[in-house]
Amino acid sequence: MRECAVPAPVVRGRFAPSPSGRMHLGNVWCALLAWLSVRSQQGVMVLRIEDLDTGRCRPEYADRLMDDLRWLGLDWDEGPGAAQPDGPYYQSQCAPLYRRALEQVAGAARVYPCYCSRADLHAASAPHRADGTVLYAGRCRNLDAEQRAQLEAAGRRPALRVTVPDRDVAFTDGLCGPMTQNLARECGDFLLRRSDGVFAYQLAVVTDDGRMGINQVVRGRDLLDSTPRQIWLQECLGLPQPAYYHTPLLCAPDGRRLSKREKDLDMGALRSRFSPRQLTGRLAALAGLVPPGTQCTPAQLVDVFDWNKIGRDDVLISDW
Ligand code: GLU
């Protein structure tokens, strides 16, 4: 009997940076792994600029970021400066799409205005999640029309929050293994739109990954905790679930994760100290793909890349 081979779907991955400053080593590490994963599977790489927060993000940072990626040898097939079958690729241009998605979520779950200030949210009695952030206690969930009118008359502009079901969402991360989160107990009602009208990251990322046909998400482990609510939003929006790989974080010697505050490890400083081949080699050595001291291009790593070689633990950065 002849076997009927079903062709595997083309991998579509993405890099989705927020241009709120110069990229740092942690961003580039994640970009390299996302790129290698796609290229080693002959996939399509998409670049999306996550500049939702127009107060913090700037077009010149986005330009710089793309220049830094090209300098390193990380290219993309779709996105700014490349093919654009699923534009826009700047989240700041997508408000109408997010509005439509919000309406669709509101058709599948209960979306309600939330008038809580930061101080309300951080009240001493507020329950906390495992990672120390505040779990929304549901203060505005059952306000009646009169209470809402009073708050609005007092000048409070509401954010929009969605009620989550009391349900376990389970998925298997390609690196972290099986994960489960109870939405009501461990996530809580979350924001879909901020009080200043900016759509929330969770809604935007799910909408964009869906419309761009992304079936593989590689990103930092700091976003692992967001994944169950994104999977639930995908269900509300009738979107398929991508495969997830949450990469280990790079940490400073004192154990903190690297951030844009570490100026000596931002791309400006790194470009002045290393050639693209040196920097790529150092990142690849951190990932355990090549021996320390190797110099190479990202393209030269495609054949040695394998998710099984990537460690599970966060990576300490010393002597950089
Ligand atoms: N824009 C997010 C960041 O720069 C990443 C979002 C994602 O990969 O899902 O942290």
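As the structure lists them, so they are numbered: ligands from 1, and atoms in each ligand from 1. Worth knowing before you read on, the calculation uses all heavy atoms, side chains too, and leaves out hydrogens, waters and symmetry mates.
Every atom of ligand 1 is numbered from 1 in the order shown, and the set under 4.0 Å from a heavy atom of Tyr201 is 6 (C), 7 (C), 9 (O). Applying the 4.0 Å criterion to heavy atoms of Glu50 picks out, from ligand 1, the atoms 1 (N), 2 (C), 5 (C), 6 (C). The ligand atoms of ligand 1 that sit less than 4.0 angstrom from a heavy atom of Arg14 are 7 (C), 8 (O), 9 (O).
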* Check the pair Arg211, Cys94 against side-chain contact (heavy atoms from CB on, under 4.5 Å), reporting the backbone distance first and the verdict last. => CA-CA 11 Å; Arg211 72 191 176 84; Cys94 297; 3.4 Å; yes
* Kindly determine whether Ser18 and Asp53 satisfy side-chain contact (heavy atoms from CB on, under 4.5 Å), including the steps that lead there. => CA-CA 9 Å; Ser18 297; Asp53 189 342; over 6 Å; no
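Remark: aromatic rings of Tyr245 and Trp307 are close, center separation under 6.0 Å.
Counting only N and O atoms by type, the side chains of Asp168 and Thr180 include no donor and acceptor under 3.5 Å apart.
No N or O atom of Val205 sits closer than 3.5 Å to an N or O atom of ligand 1.
Leu135 belongs to no hydrophobic cluster with other residues, because no ILVMFWY side-chain heavy atom falls under 4.5 Å from its own, directly or through intermediates.
Looking at Asp222 against ligand 1, nothing comes within 4.0 Å, counting heavy atoms.
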